[in-house]
Amino acid sequence: HIWEWSSADNKVRGERIKNEFRAHASVQEDAMLFSDYIERIYKNDIDLFIKNWNEFLNGSITTFDVSYRIVNSEDKIIWYRDVGRISADGKDHIVIKGTYMNVTETVGEQERLKLFGNAFESTRDWVIIFDRSFNPIVANPTMTKAMGITGSKVNKSIIDQLKNRFDKEFSLLVRQMKNLKLGEHW
């Protein structure tokens, strides 16, 4: 999905504007005033958004890249990630174009997985939670201790350790994981 901002009229444009803010008074077609857009950013994310925007405009960073929440016309909170670059830098105005992605499901999934992992913190069983691409997200202390991992950083190296330690059983584990349905465990 594409978004655009122009300093000539200080408006943000894109399908997202029409879809998320159609009831907002300043929305005309697929555009709204930048100041009105900022007002729709979730209160805890405004400072981060504005900081990145200002650093981008003053040249401190070359790419605008920020994840934040907006509150749409129906008062639903939606996570977005915007990435943009200056596409025209004229004498009279600047045009920034970029892409946006609704990352609400991704952010929510990561949070749920972390909470689920925290629930297994005190068990003596080895617990590791993977995302749907089989990337490790979180492991309990018993698992990290057994694998010799320090801190809470869990990454793909844990997979290599499991392969080396449990060569034959590992292929069974992978097959079992691939057959699991959403919400199932093994």
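Every heavy atom of this structure was used, including side-chain atoms; hydrogens, water molecules and symmetry mates were not. These numbers were taken from a predicted model, which means no experiment stands behind them.
Atom-to-atom distance recorded for Trp5:CH2 and Phe34:CZ is 7.0 Å, nearest 0.5 angstrom. Atom-to-atom distance recorded for Ile50:CD1 and Glu55:CD is 12.5 Å, nearest 0.5 angstrom. Between atom CD1 of residue Ile70 and atom OH of residue Tyr100 there is a gap of 9.5 Å, rounded to the nearest 0.5 Å. A distance of 9.5 Å separates CG of Asn54 from CG of Asn52, quoted to the nearest 0.5 Å. In this structure, Asn58 CG and Trp53 CH2 are separated by 12.5 Å, a value rounded to the nearest 0.5 Å.
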Give the intermediate values and the outcome of side-chain hydrogen bond (donor to acceptor under 3.5 Å, both in side chains) for residues Thr63 and Asp65. CA-CA 6 Å; Thr63 301; Asp65 187 348; over 6 Å; no

Tell me, with the steps shown, if Ile17 and Val12 meet side-chain contact (heavy atoms from CB on, under 4.5 Å). CA-CA 8 Å; Ile17 302 300; Val12 180; 4.0 Å; yes

Verdict with reasoning, Val95 to Ile86, per side-chain contact (heavy atoms from CB on, under 4.5 Å): CA-CA 6 Å; Val95 175; Ile86 293 175; over 6 Å; no

From CA spacing to verdict: salt bridge (charged side-chain N to carboxylate O under 4.0 Å, His left out), Lys11, Asp36: CA-CA 9 Å; Lys11 288 187 177 179; Asp36 290 337; over 6 Å; no

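Linking Ile, Leu, Val, Met, Phe, Trp and Tyr whenever their side-chain heavy atoms come within less than 4.5 Å leaves Val66 and Ile2 in two separate clusters. In the hydrophobic clustering of this structure, Tyr68 does not group with Val71; members are Ile, Leu, Val, Met, Phe, Trp, Tyr whose side-chain heavy atoms approach within less than 4.5 Å, directly or through other members.
Residues passing the side chain to side chain contact (heavy atoms under 4.5 Å, CB included) test with Ser35 are Leu33, sequence neighbours excluded. Partners of Thr62 under the side chain to side chain contact (heavy atoms under 4.5 Å, CB included) rule, at least two apart in sequence or in another chain, are Arg85.
Checking each of Tyr42, Phe56, Tyr80, Phe64 against Phe49 for a ring pair (Phe, Tyr, Trp, His ring centres under 6.0 Å) leaves exactly one that passes, namely Phe64.
Between Tyr37 and Trp3, the gap from one ring centroid to the other reaches at least 6.0 Å.
A heavy-atom distance below 4.5 Å is not found between the side chains of Thr99 and Asp82. In this structure, the side chains of Glu20 and Ile78 come closer than 4.5 Å at one or more pairs of heavy atoms.
Side chain of Arg69 to main chain of Ile77: no donor-acceptor pair is present (N/O by atom type, distance under 3.5 Å, no hydrogens or angles).
Here the closest non-hydrogen pair linking His93 and Ser7 is CB-OG, 2.9 Å. Closest approach of Ala31 and Arg13 over heavy atoms only: CB-CG, 3.6 Å.
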